[in-house]
Protein chains: 2
Amino acid sequence: MASLADRIERYLREQLARTETGVLEVQRADLSAMFNCVPSQINYVLATRFTIERGYLVESRRGGGGFIRLMRLTCPFACNALDRLGQRIGERVSQEQAGHLVRGLEESGVVSRREADLILAATHRQAIGVPLPLRDAVRARLLKAMLLSLFRHEAGGGVGDALR
Amino acid sequence: MASLADRIERYLREQLARTETGVLEVQRADLSAMFNCVPSQINYVLATRFTIERGYLVESRRGGGGFIRLMRLTCPFACNALDRLGQRIGERVSQEQAGHLVRGLEESGVVSRREADLILAATHRQAIGVPLPLRDAVRARLLKAMLLSLFRHEAGGGVGDALR
DNA sequence: TATAATGAAGGTCAAGGAAAGTCAAAAACG
DNA sequence: CGTTTTTGACTTTCCTTGACCTTCATTATA
């Protein structure tokens with residue numbers, strides 16, 4: 001039973017995939033009319049699904065002739081997204097947060113399917129297997145260590161300090 | 001005299017066997033209604049019966065449109081070569097043991113350099129970051145989970161798409 | 001021409017509801 | 001008696017909606 005947010009997300013991703021440039025412009029009102037929902041539902045989808053962690057950038061303009069522009073990032077590791085990633089992880093991460101993050105990296109081509117699965121397996125509750133306050137802390141350390149190991153191959157030193 | 005947990009387990013395994021992809025999505029509330037039990041009973045079954053060690057992966061999402069997703073892994077520890085690996089790992093492994101094992105897998109071409117580094121990063125003492133009796137146990141679980149993930153079903157048509 | 005009004009976008013936030021998760025105590029089992 | 005199962009109270013996460021706010025372009029007006 002795909003939720004409304006899921007359907008909107010899927011639609012936007014399809015449209016985005018159809019573009020040549022990886023840039024899509026839409027009108028919020030059009031979308032909300034198309035899906036029979038309140039306009040702010042669109043904002044919710046954008047805020048939760050098209051985040052920088054998942055490899056997207058969203059710009060917009062208000063007023064007459066306003067628009068929402070969706071962009072797929074080709075290389076999140078290239079800009080300072082990695083540092084934000086590290087800060088985002090912080091001292092503790094839930095399994096869900098980790099999942100979103102890793103899927104985003106996979107989507108933007110930073111990690112392969114196998115690598116993503118590897119990370120997800122290691123950040124799974126049962127794999128860590130310690131009780132909860134501690135578990136999220138262990139997961140955060142694991143995630144940072146693994147991302148850092150990937151990043152060492154990806155680019156030279158200096159960037160990604162926030163992962164440590 | 002099959003217990004309630006046994007019956008729920010059997011039902012889920014039957015449903016899972018019926019799928020083409022090895023992926024089953026259910027609603028916790030549906031199940032608990034079907035078996036006339038409290039919802040958390042479902043969690044108990046999932047936690048005790050559908051573990052990674054037994055060759056299952058469980059994902060879920062809360063909130064509206066929430067679900068529980070059960071995935072059967074292709075190569076449960078119970079069957080072949082991985083079984084021996086799993087036994088060799090046992091309940092605890094030191095970082096050194098893990099290192100030897102992973103480098104061996106890399107040399108024999110089972111895992112790539114990047115994947116090996118990923119695994120080693122996750123099994124590093126500082127990454128796990130808990131005191132020693134426990135740390136080796138966590139490392140063993142991590143190692144098993146990660147190796148198992150490498151043998152996951154390459155089910156066509158985007159397994160896990162609903163979560164992304 | 002400078003400015004004020006207007007309408008047309010999109011943004012924010014918080015409340016409420018809909019799932020699933022957690023934990024520990026009680027019960028049942030062997 | 002120790003282990004496994006069952007239960008339920010409480011928590012957390014996620015989705016949906018609606019009331020109200022901010023920004024921009026255009027047009028009317030002094």
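Heavy-atom basis, side chains included; hydrogens, waters and symmetry copies ignored. Every chain is numbered from 1, with letters handed out A, B, ... down the list of sequences.
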message: Quick test of your reading: applying ring-ring contact (aromatic ring centres under 6.0 Å, His included), list the pairs with at least one residue in residues 120-140 of chain A, sequence neighbours left out, ordered by first then second residue.
response: none
query: Between the main-chain N or O of B:V38 and the side-chain N or O of B:Q41, is there a donor-acceptor pair closer than 3.5 Å?
result: no
- prompt: When you check every protein heavy atom under 4.0 Å of nucleotides 5-16 of chain C, what one-letter string (B, S, -) results, 5' to 3'?
  reply: ---BBBBBB---
- prompt: Got a sec, which residues hit salt bridge (charged side-chain N to carboxylate O under 4.0 Å, His left out) with A:D136, two or more places apart in sequence or on another chain?
  reply: A:R92, A:R139
- prompt: Which pairs with one or both residues in residues 17-27 of chain A pass side chain to side chain donor-acceptor pair (under 3.5 Å), sequence neighbours excluded?
  reply: A:E25-A:R69
message: Tell me the interatomic distance from B:R69, atom CZ, to C:dA20, atom P, rounded to whole angstroms.
response: 13 Å
- prompt: Which residues satisfy the salt bridge (charged side-chain N to carboxylate O under 4.0 Å, His left out) test with B:R49, sequence neighbours excluded?
  reply: B:D6, B:E9
message: Reading DNA chain D in the 5' to 3' direction, which nucleotide is the first one with an atom under 4.0 Å from a heavy atom of chain B, and which is the last?
response: D:dT4 to D:dC15
message: Need one value for B:I42: base, sugar-phosphate or nothing, where a base atom within 4.0 Å counts as base even if backbone is also close, heavy atoms only.
response: nothing
Those residues that, when tested against B:R125, pass salt bridge (charged side-chain N to carboxylate O under 4.0 Å, His left out) (two or more places apart): B:E96
field: Side-chain cluster (under 4.5 Å, hydrophobic types only) that B:F50 belongs to, other residues
entry: B:L4, B:I8, B:Y11, B:L12, B:L16, B:L24, B:V26, B:L31, B:M34, B:F35, B:I42, B:V45, B:L46, B:Y56, B:V58, B:I68, B:L70
message: Strictly by salt bridge (charged side-chain N to carboxylate O under 4.0 Å, His left out), give each pair with a member in residues 29-47 of chain B just once, sequence neighbours left out.
response: none
- prompt: For A:R125, which contact category applies under a 4.0 Å heavy-atom criterion: base, sugar-phosphate, or nothing?
  reply: sugar-phosphate
